[in-house]
Amino acid sequence: MTTTASLPHPSVGRSSTLTIAGLRAAVGGVEILHGIDLELHSGEVHAIMGPNGAGKSTLSHVLMGRAGYEVLGGSVRLDGVELLDLDTYERAQAGLFLAPQDPVEIPGVSIADVLGAALAAAGCEADAEPAALGAKLAAEAAAIGLAPAFLGRALNVDASGGEKKRIETLQLAVLAPRFAVLDELDSGLDVDALRAVARRVERATAAGEPGAAGLGVLAITHYRRLLDELHPDVVHVLVKGRIVASGGPGLADDLERTGYAGYAEPEVEARPIGPDPFGGLFS
Amino acid sequence: MSVVTPSRGPDVAGSAPSAASTVQHGLARFAAASAMLAGPTWLAELRACAADGLATAALPTEAEEQWRYSRIDELDLDAFAPVLEPARSPLSTEAQRFLDAVGARSALVRSAGGYAVEVVLAEGASALGVRVDTAQDLATKPEELGVHLGRRADALTALATALCPDVVVVRVPAGVELEEPVVIVHEVGRGPGGGAAFPRALVVLGAGARASVVELVVSGDEPCLVVPLLEVDLGDGAQLEHTSVQQLGRRAWHLGYQASNVGRDAVMHSFLAALGGEYARQLTSSVLAGIGGASELLAVYLGDGTQVQDMRTFQEHEAPRTRSELVFKGAVADTARSVYTGLIHMHPGAKRADASQTNRNLVLSEGAHADSVPNLDIEENDVRCSHASAVGPIDADQLFYLATRGVPREVAERLILLGFFDDLLDRAPVPGVAAYLRAAVARRLSDGVLAAGRTTVASPGSPA
């Protein structure tokens, strides 16, 4: 197995914490997120489930700092560093990754171009070097069943939905961030692709190298099938811009049976029961 | 190198000290200079004929459809003087870089100020009957010279003919396939400032011949006027790959005209890259005269600072089952401007002809501007035509996506811009030219275009 090319985070090997506290955000002047609290540690997999319009994708965009999403309050800290003060690329360099629901096509720009530029910008010149990067890409592509032809092609151009998600996973594997927000990673994936992608993400969550902290995952999904593969530690239910319930994997099973109807009432009091008993209050 | 002193320069008294009123201006001044050029009789006659016409001709104006959005009204011929003698000087750094990138070649022609000063033809090509001649090598006028210019000829064509110092004639006999390209390097604007150069080339491929011709036009920083003419005559079934790279300095005016005449089942591949110049206009006309003839017209152009890149194209389908594909892509930054106007003309009888025309432009700064005007003129029912035109900023979604990978904005913009040109560069006939252009564009980007904070992007789409 090739060595992991990782961004030079100040605390490689140490466990990290992503803390979202009181996050409120608006789109087009309309408040969509009404105060999100969530704490995620290295190696943990949290799922955020919710009906259409609950604010799931808004959350992913706000975390990454997309233009057009206005933060009204709250904070997002990665090991104490306030991400909301950073540009998107700086958030990525700090160790946050977003696999978007619909990866954009970039004509004429290859995966190697993007990852080479990303690694070089992060100061990982050795990893960005074409031979090293090429070998790493080839190994990772094989691991997730992505045809090698995609490595030389323009990013996401003429790729199927499943291929795009494999390409996202490939980039995740090479960039080795601390935390990844996976926005509907399962959309457009057939069963085989879903399994391949989930296995690679799961492998990243396990501490790979001795002493290296595993990837923390925030998996945003509409359906349970991704969770059957990803095995979340915690499931959060997002309804109308609020986390209305948090619990173990069993919560996803409940949702499968009852749907979101029981949570539709926006007045339902959120009662975080995640691994952080204080719901991020003191972080 | 000697030049005629610009008539309004400090040495204006020069050869006619006492009669300021007889100092000629504009086209008439150039017409008078025509007689001072050396060369064989047939060329002198050709020039004299054109010069006669010039005396009463007028430069085109922006009011003409052909010249809308152009800077032709600003052209001050009196600021330039024709180069009257060839001059040898060492190859410029840029020209050398280009030659190194192109690699193996069948022939090299160096032209300075429009004069061929060096012709080297590889033995292998010579043995196949390939000829690369200059005007003095030829006892009579090449019969194809000037024949296919007529359709779009104007006062500038007459000017270029009247002042034509030399002609490079590349001739590939019927059935001969030439592997390596014939390379023509036009160096202009060197020596005393204000030089006007009129480089001219003619490429003739016999029936079934195949060849590649690569041209570079390059100048330094001095002001100059360049009016190049290229004529291409393709016999039945011939295939030409023509590459033209324009790397003029930022004070150069370029008014180029390329006319190709494509015979039956012949194929013209034209690849144009326009990077330099202050005002650089290129007129490309491809006449599909024989049944089943085809042309592929590709171009990339880039402007920054105050540059204007001005592209005009004509796809003339005169015969049945002719095909043409045109893809022109440009990018402008700072307060640069670009113009693309193109016409697909389906002549009567061009049955089952098929033409496409695509022009895409990236506008990288608030102050930059691109015009894109496709036109169709269909005089035959049984044809297929398509055209697409786009002008817009760098896509905000693409920038955001790259940012989520940790790519800073300036780097992302460079990647996207290089990617924008990439599909065309991949189609450059000579791989070395593609590599040269990728490096040249990248150098331009790091030198100035797209400096942080100077670019504009699309406002983000409505968030989902």
Side-chain angles (χ1 to χ4, degrees), chain A residues 7 25-28 32 52-53 56-58 60-70 87-111 113-122 124 154-157 168 171-172 174-175 177 181 183, chain B residues 298 300 302 327 329-331 358 360-362 388 390 392-428 434 437-438 441-442 445-446 450 452-453 455-464:
Chain A
L7 298 171
V27 177
I32 304 291
N52 286 331
K56 300 193 301 292
S57 279
T58 297
S60 74
H61 289 135
V62 170
L63 288 176
M64 217 62 212
R66 183 164 204 160
Y69 293 81
E70 187 192 356
D87 279 346
T88 298
Y89 82 90
E90 293 170 321
R91 298 182 196 196
Q93 289 182 352
L96 186 63
F97 181 93
L98 167 65
Q101 189 171 351
D102 292 309
V104 67
E105 296 183 5
I106 309 189
V109 179
S110 72
I111 297 172
D113 290 337
V114 173
L115 296 181
L119 290 167
C124 303
L155 196 65
N156 296 325
V157 175
E168 288 303 303
Q171 295 180 71
L172 169 67
V174 172
L175 291 173
V181 179
D183 192 355
Chain B
L298 310 177
V300 299
L302 177 63
V327 185
K329 282 187 169 186
T358 303
R360 299 196 187 285
N361 300 278
L362 275 183
I394 282 187
D395 185 71
D397 291 343
Q398 293 179 349
L399 279 179
F400 176 72
Y401 181 87
L402 291 178
T404 66
R405 305 296 121 118
V407 180
R409 178 170 169 144
E410 315 87 78
V411 180
E413 286 168 339
R414 272 177 227 165
L415 282 177
I416 291 168
L417 183 54
L418 282 168
F420 172 70
F421 287 131
D422 198 63
D423 60 333
L424 281 188
L425 295 180
D426 272 349
R427 294 170 73 181
L437 289 172
R438 283 194 174 92
V441 172
L445 299 184
S446 56
L450 296 178
T455 61
T456 180
V457 293
S459 35
S462 331

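Numbers restart at 1 for each chain; the letters A, B, ... are given by sequence-line order, proteins then strands.
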Notebook entry, point to check: Side chains of A:L175 and A:L119: does their closest heavy-atom pair fall under 4.5 Å?
Noted result: yes

Side chain, backbone, both or neither: which part of [X] has a heavy atom under 4.5 Å from chain B?
X      : value
A:Q101 : neither
A:N156 : side chain
A:A120 : neither
A:L115 : neither

Item checked: Closest contact, heavy atoms only, A:E168 versus A:P103 -> OE2-CB, 3.5 Å

Item checked: Test log, rule side chain to side chain contact (heavy atoms under 4.5 Å, CB included), inputs B:L362 and B:K329 -> CA-CA 8 Å; B:L362 275 183; B:K329 282 187 169 186; over 6 Å; no

Next item on the list: Report yes or no: does B:R405 contribute a side-chain atom to a donor-acceptor pair with the main-chain N or O of A:L98 at less than 3.5 Å?
Entry: yes

Check: With the threshold set at 4.0 Å, does a side-chain nitrogen-carboxylate oxygen contact exist between A:R66 and B:D397?
Finding: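 The answer is yes: the pair qualifies as a salt bridge.
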
Margin query: I'd like to know which of A:P107, A:A121, A:G53 tops the heavy-atom pair count under 4.5 Å against chain B.
Written below: A:P107

Notebook entry, point to check: Given the options B:D423, B:V411, B:L402, which has more heavy-atom pairs under 4.5 Å with chain A than any of the others?
Noted result: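 The option with the most such pairs is B:L402.
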
